[in-house]
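Okay, so here's the structure we're looking at.
Here, residue 1 is the first one in the sequence, and each next residue gets the next number. All figures in this text were calculated on a predicted structure; none of them were measured in a lab.
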Amino acid sequence: IMAIQKTITYDDTRDCAIRIIDKLIDLGLLKDDDNHYFDIQDTIQDEYNSLLGLDIDDNFKINVL
């Protein structure tokens, strides 16, 4: 079995959070109101970063198998 290593960056978690917000808007589950969804996007990214141990200043990227 061949293991594939991938690098995940702080920017990747931001991009993923943006895609989730876009999908929620497309599904009609979230109103397209940038005063509201930026807070939700930040919360989603914070949760990803916490899970992965990422930090914009000290640990910008990690490698995963």
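Taking CG of Leu54 as the start and CG of Asp12 as the end, the distance is 8.5 Å to the nearest 0.5 Å. To the nearest 0.5 Å, atom CG of residue Asp55 and atom NZ of residue Lys61 are 15.0 Å apart. With values rounded to the nearest 0.5 angstrom, Ile40 atom CD1 is found 4.5 Å from Leu30 atom CG. Distance check: Ile44 CD1 to Tyr37 OH gives 12.5 Å after rounding to the nearest 0.5 Å. Once rounded to the nearest 0.5 Å, the distance linking CD of Gln41 with CG of Asp46 reads 10.5 Å. The NZ atom of Lys31 sits 15.5 Å away from atom CG of Leu24, with the distance rounded to the nearest 0.5 Å.
In this structure, Cys16 and Ile20 have side chains that are in contact, with non-hydrogen atoms separated by less than 4.5 Å. Residues Phe38 and Ile21 are not in side-chain contact: their nearest non-hydrogen atoms beyond the backbone lie 4.5 Å or more apart.
Between Asp11 and Arg14 a salt bridge is recorded (basic side-chain N to carboxylate O distance below 4.0 Å).
Not a single donor-acceptor pair under 3.5 Å links the side chain of Gln45 to the backbone N or O of Ile18. A donor-acceptor pair under 3.5 Å is absent between the side-chain atoms of Asn49 and the main chain of Thr13, judged by distance alone. In terms of modelled atom types and a separation under 3.5 Å, the side chain of Thr43 and the main chain of Asp39 share a donor-acceptor contact.
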